[in-house]
There are 2 protein chains.
Amino acid sequence: MDVAKHAGVSLSTVSRVMNGNPTVDAALAGRVRDAAAELGYTASPLARSLVLGRTQTVAVVVPDLGNPTFQAVLRGLSRAAAADGYHVLIADSAEQVGEERVLAIETRRRTDGLVLCAPRMPEEELAALLPQVGPVVLVNRTLDGAPTIAAEYGTALRALAEHLHDLGHRRLVYLAGVARSASNAARLAALAEFRAAHPDVELTELASGVDFDSGAAAADAVLATRATGVLAFNDLVAMGLLSALADRGVRVPDDISITGFDDIPFARYTSPPLTTASVPAADLGARAWQAMTAALAGTDAASSVRLTPDVVLRGSTGPAPA
Amino acid sequence: MDVAKHAGVSLSTVSRVMNGNPTVDAALAGRVRDAAAELGYTASPLARSLVLGRTQTVAVVVPDLGNPTFQAVLRGLSRAAAADGYHVLIADSAEQVGEERVLAIETRRRTDGLVLCAPRMPEEELAALLPQVGPVVLVNRTLDGAPTIAAEYGTALRALAEHLHDLGHRRLVYLAGVARSASNAARLAALAEFRAAHPDVELTELASGVDFDSGAAAADAVLATRATGVLAFNDLVAMGLLSALADRGVRVPDDISITGFDDIPFARYTSPPLTTASVPAADLGARAWQAMTAALAGTDAASSVRLTPDVVLRGSTGPAPA
DNA sequence: CTGTTAGCGCATTCAT
DNA sequence: ATGAATGCGCTAACAG
């Protein structure tokens, strides 16, 4: 090392000083620090990682960096991690289910832990993967074997449905997302309960997607059901629908009420503003980091956190038309 | 190594096989590959990084992961990098100008290159930083000494202003973003040209911010100017303004025309849809990666790419009221 | 074509 | 309290 001779000490002493080891003479430590400052020296994170066995970095795998929900999770996680001196390696599977496994394993090898965000892969594959990539925390997907941070989608959707029911709506339609996804399954279960509790309600289920265009494309199908209330899979779908209905001269909420899901930042600014369920995605990310620190420390306890979203009532829902 | 003895060869041979070195006997290579597969062995990226001097990772520093523009840049960059087998380390400075420098240096040390996305730091600081962190590419911020990928904000804003002028608007207001930012400076220069070309236009400049709330907060000030056309700093500001005006019963575009900037995904779905300038942020990211590969290869040429945004005419602009 | 040796830059024994 | 070795896991240069 260069600073070593510059300060007239050995490599070990430099290392000790840089790591704040107290068993070094104050005077010597000062000399070393000065030398280091003068030469602008900082220990190579790479070499440290190799010898220490930790990289101070965690990996996050998301299905789509373009999705506001994952963005928010990433943001919350990233900031929380940064506050603890950790870095974040990001991987976007571009909704390619087949890529998830590879990305997870590969990024995990360069990091100390892995956050799997709403992985799309089938349950068996996920179950087989988890042991290979620990410490791992799951976001918005539950499975034994790893701490999970998830929003209770079912509860919230049920609440939205009840809200519409309270407003007098009796003919509803649910715009489903990706058919065999975990999040959709939770919602379907909640709707089944809702149906059971309210036999007087006619609830149609319509295939759809997870983005704007899916919502817009569903407009005619929705109108064909003559429903007065629509539960969209998420805010994006709701906004697309909103837009398509506006084009057709359908008034919201006078003619039809619409609810979204997620309360993305834009939901407040649509016309009318969207009634939706507030899933604090950034919180989700921060909690995920919390779980990760625990897992990293071995204080695992496989704690699972479930956040109950708030229902946010805004202008897109109103009394059912007479 | 374990696979070494398992295959009955030396460490070097294993290394050679794993790296596809053709100077190995086919039979031996087969044995090694089998052993590796059986033991599930993969070379440690960490150790490779240390000895090879490259990490196959680049760092991206953004001012705010919550900003749709940066999200899109990140997404485009991330996918392009992944296609080339590179990973992305992300850092969010949370708009803390002071943090940018530290984040840049720190993340750069764990990676092969750095992408600085619209850094807020003052010019001298940036100029001093660049040599320390090369290879580096700048996105949406120009400065000699590093390849730059930037959208031509000035040109596009000018085009939007001309569009309003063509529609008969003679009293305009510009909602400025962060006062002393590079992107705002470019826009101000373009507006100065516009003013010079159209002495008949009264163009007021109003301080504002870069987000929804700033736009909403500016509503009354905008109305006070009695302007018939508004050039918002970006789509977020425009949407906030749109929302606040709707609350006040002001009709868009009948009473007042509004333009945004960036063409974020949501701009198509406001009511009315937003006339804006299309800055293909994901493209920006992909180009940035392209520039990075060049820089990584030493084929630098410090090439600067400037993308000219398209003007997207939608419903939020119309003829000036009589 | 393959095995042996050295070293990437550091933290950490072990001696002193 | 400090310096001299040892090794983290791998690749490259050097023999054979």
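Computed from a predicted structure; not experimentally measured. Numbered from 1 within each chain, the chains take letters A, B, ... in sequence-line order. Just so it is clear, the values below take in all heavy atoms, side chains as well, and ignore hydrogens, waters and symmetry mates.
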When the side chains of residues 127-142 of chain B are checked against the rest of the protein, which donor-acceptor pairs come out under 3.5 Å, sequence neighbours left out?
residue: B:Asn140; atom: OD1; partner: B:Ala151; partner atom: N; Å: 3.1
residue: B:Asn140; atom: OD1; partner: B:Tyr153; partner atom: OH; Å: 3.4
residue: B:Asn140; atom: ND2; partner: B:Tyr153; partner atom: OH; Å: 2.5
residue: B:Arg141; atom: NH1; partner: B:Pro119; partner atom: O; Å: 2.7
residue: B:Arg141; atom: NH1; partner: B:Met121; partner atom: O; Å: 2.7
residue: B:Arg141; atom: NH2; partner: B:Met121; partner atom: O; Å: 3.0

**Request:** Can you sort out the partners of A:Asp25 under side-chain hydrogen bond (donor to acceptor under 3.5 Å, both in side chains), two or more places apart, ordered by chain and number?
**Result:**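 For A:Asp25, no residue satisfies side-chain hydrogen bond (donor to acceptor under 3.5 Å, both in side chains) once neighbours in sequence are set aside.
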
**Request:** Can you sort out the partners of A:Thr55 under side-chain hydrogen bond (donor to acceptor under 3.5 Å, both in side chains), two or more places apart, ordered by chain and number?
**Result:**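 Testing A:Thr55 for side-chain hydrogen bond (donor to acceptor under 3.5 Å, both in side chains), a comparison that skips the adjacent residues, returns A:Asp112.
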
**Asked** How would you list, by chain and number, every residue that makes a salt bridge (Lys or Arg N to Asp or Glu O under 4.0 Å) with A:Asp262, sequence neighbours excluded?
**Response**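 Scan of A:Asp262 (salt bridge (Lys or Arg N to Asp or Glu O under 4.0 Å), adjacent residues dropped) gives none.
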
**Asked** Is a donor-acceptor contact shorter than 3.5 angstrom present between the side chain of A:Thr13 and the base of D:dA1?
**Response**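 It does not, because no donor-acceptor pair links the side chain of A:Thr13 to the base of D:dA1 below 3.5 Å.
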
**Asked** Can you find an N or O donor on one side and an acceptor on the other, under 3.5 Å apart, linking the side chain of A:Thr23 with the base of D:dT2?
**Response**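 Counting by modelled atom types and ignoring angles, no donor-acceptor contact under 3.5 Å is found here.
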
**Item:** Test side chain to side chain contact (heavy atoms under 4.5 Å, CB included) applied to B:Leu46 and A:Leu46, step by step
**Value:** CA-CA 7 Å; B:Leu46 245 66; A:Leu46 245 67; over 6 Å; no

**Message:** Does a side-chain N or O of B:Ser44 approach OP1 or OP2 of D:dG9 to a distance below 4.0 Å, or not?
**Reply:**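 Indeed not, no polar side-chain atom of B:Ser44 lies that close.
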
Using the side-chain heavy atoms of [X], tell me which of these nucleotides is nearest: [options].
X       : options              : answer
B:Val9  : C:dG3, D:dA12, D:dG3 : C:dG3
A:Ser12 : C:dC10, D:dG3, C:dG3 : D:dG3
A:Arg16 : D:dG3, D:dG9, C:dA11 : D:dG3
B:Leu50 : C:dA11, C:dT2, D:dG9 : D:dG9
B:Arg48 : C:dG9, C:dT4, D:dT11 : D:dT11

**Request:** Answer whether the closest heavy-atom distance between the side chains of A:Leu126 and A:Leu116 falls below 4.5 Å.
**Result:**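 When only atoms from C-beta onward are counted, A:Leu116 and A:Leu126 do touch, with a gap below 4.5 Å.
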
**Message:** Can you pull out the residues from residues 26-36 of chain A that lie within a 4.0 Å heavy-atom distance of DNA chain D?
**Reply:**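 Within residues 26-36 of chain A, the residues near DNA chain D are A:Leu28.
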
**Request:** Let me know the distance between CG of A:Leu46 and P of C:dC8, rounded to the nearest Å.
**Result:**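 These atoms are roughly 14 Å apart.
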
**Asked** Using the C1' atoms of five pairs at each end, what's the angle between the two axes of the helix from C:dC1-D:dG16 to C:dT16-D:dA1, to 10 degrees?
**Response**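 What I find for the helix from C:dC1-D:dG16 to C:dT16-D:dA1 is an axis angle of 50°.
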
